[in-house]
Protein chains: 2
Amino acid sequence: MSDENQELRRAGLKVTLPRLKILQILESSPVRHMSAEDVYRALMEAGEEVGIATVYRVLTQFESAGLVVRHNFDSGPALYEIDDGEHHDHMVCVETREVIEFHSEEIERIQQRIADEHGYEITGHSLVLHVKPKKDSKTKN
Amino acid sequence: MSDENQELRRAGLKVTLPRLKILQILESSPVRHMSAEDVYRALMEAGEEVGIATVYRVLTQFESAGLVVRHNFDSGPALYEIDDGEHHDHMVCVETREVIEFHSEEIERIQQRIADEHGYEITGHSLVLHVKPKKDSKTKN
DNA sequence: CTAATTGCAAAAGCTTTGCAGCGCA
DNA sequence: TGCGCTGCAAAGCTTTTGCAATTAG
């Protein structure tokens, strides 16, 4: 509990009830990627009185503070997820909207090399695979 | 001229003036990635009377027909580019907003492998590197 | 001739912002 | 107490949609 307290302070943000609650929701939700609306709904269900505008503002602040990462997977609302320091990319199932995370050192290296060859350095990247379940015989998952 | 005519017919779309003009603009513009607004402005400058709603509708139809590819690089308006069949990914310069295209067979292969390992098959993907110019001594571009 | 297409304006979806009041340090 | 934070409602930006008029085939 004073755990989130610390996180907020470290981020240079005043510890307020909306910020605490939003951070708790992001950390405890079984769904890792949430829209502002998702967070807002979760707050409502928890009986918290927080305005949707505050949710947007807080999520933006959390992003600036490096507490969360914002994704624009496609059109539709942006999704936020806790930034646990572990960089990873995403697969989005086109059928279930499920989000699967993965990481490839190999791809990262190649990206670096390509940017370098073009005279650029990478400040960030976004890799999203749109996928659907294999109908294969020997599906390993 | 009857070239675009053909393309539209092949796509199963009636050949109308708005569709012809929009296709021409997308094909001839020096800037390869254009928003609906960009296309609309280009039409206005060319003295064409086309509603912005039509631009959105036509671009959507073009996308369904495989004539153009739609990108949601970040927030902000979607960008469209002619689909010339050559698949490629993008680097977006965070300073100039410039869009650079690249392609890596290597990355594609790894993506396939990863999706496969998770029991999925890829239906599409989006890879965007956010980059800035190197301050390096021996910049090769 | 008839179904498809268009333009307009209204509305929808997501997000940001101005402002007055409230609350943390 | 003072400045930052919040809630509300209004507005902003991008995109979609209903409808009547127009047009391609």
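By convention in this document, chain letters (A, B, ...) are assigned in the order of the sequence lines, proteins followed by strands, and residues within each chain are numbered from 1.
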Please report the distance, rounded to the nearest Å, between CG in A:Leu8 and C1' in C:dG23. 15 Å
Short side-chain N/O contact to C:dT15 OP1/OP2 from B:Ser75, under 4.0 Å: no
Would you find a donor on one side and an acceptor on the other, under 3.5 Å apart, between the side chain of B:Arg70 and the backbone of B:Glu63? no
Specify the residues of residues 25-54 of chain B, ordered by number, for which at least one heavy atom lies under 4.0 angstrom from an atom of DNA chain C. B:Glu49, B:Val50, B:Gly51, B:Ala53, B:Thr54
Assuming nearest nucleotide by heavy-atom distance, tell me which of B:Lys14 and B:Gly76 is located more 5' along DNA chain D. B:Gly76
Check whether the side chains of A:His71 and A:Glu81 place a donor and an acceptor atom closer than 3.5 Å, and report yes or no. yes
Ring centroids only, cut at 6.0 angstrom: are A:His118 and A:Tyr120 within range, meaning strictly under it? no
Earliest and latest nucleotide of DNA chain D, 5' to 3', sitting under 4.0 Å from a non-hydrogen atom of chain B? D:dT14 to D:dG25
B:His103/B:Glu101 under side chain to side chain donor-acceptor pair (under 3.5 Å): CA gap, chis, key distance, verdict: CA-CA 7 Å; B:His103 177 78; B:Glu101 304 182 344; over 6 Å; no
Taking 4.0 Å as the cut-off, does a side-chain nitrogen or oxygen of A:Tyr56 come that near to OP1 or OP2 on C:dT15? yes
Between CG of B:Leu59 and C1' of C:dT5 the distance, given in whole Å, is 15 Å
Starting at atom CZ of B:Arg19, determine the distance to atom C1' of C:dG7, rounded to an integer number of angstrom. 14 Å
Would a line drawn from the ring center of B:His125 to the ring center of B:His87 be shorter than 6.0 Å? yes
Of B:Val15, B:Leu67, B:Leu26, B:Leu23, the one forming a side-chain contact (heavy atoms from CB on, under 4.5 Å) with B:Glu4 is B:Leu23
Please answer whether the main-chain N or O of A:Lys132 pairs with a side-chain N or O of B:Thr123 as donor and acceptor at a distance below 3.5 Å. no
Atom CD of B:Glu95 with >12 non-hydrogen neighbours under 6.0 angstrom: yes
Would one find a side-chain N or O of A:Arg57 under 4.0 angstrom from OP1 or OP2 of C:dT16? no
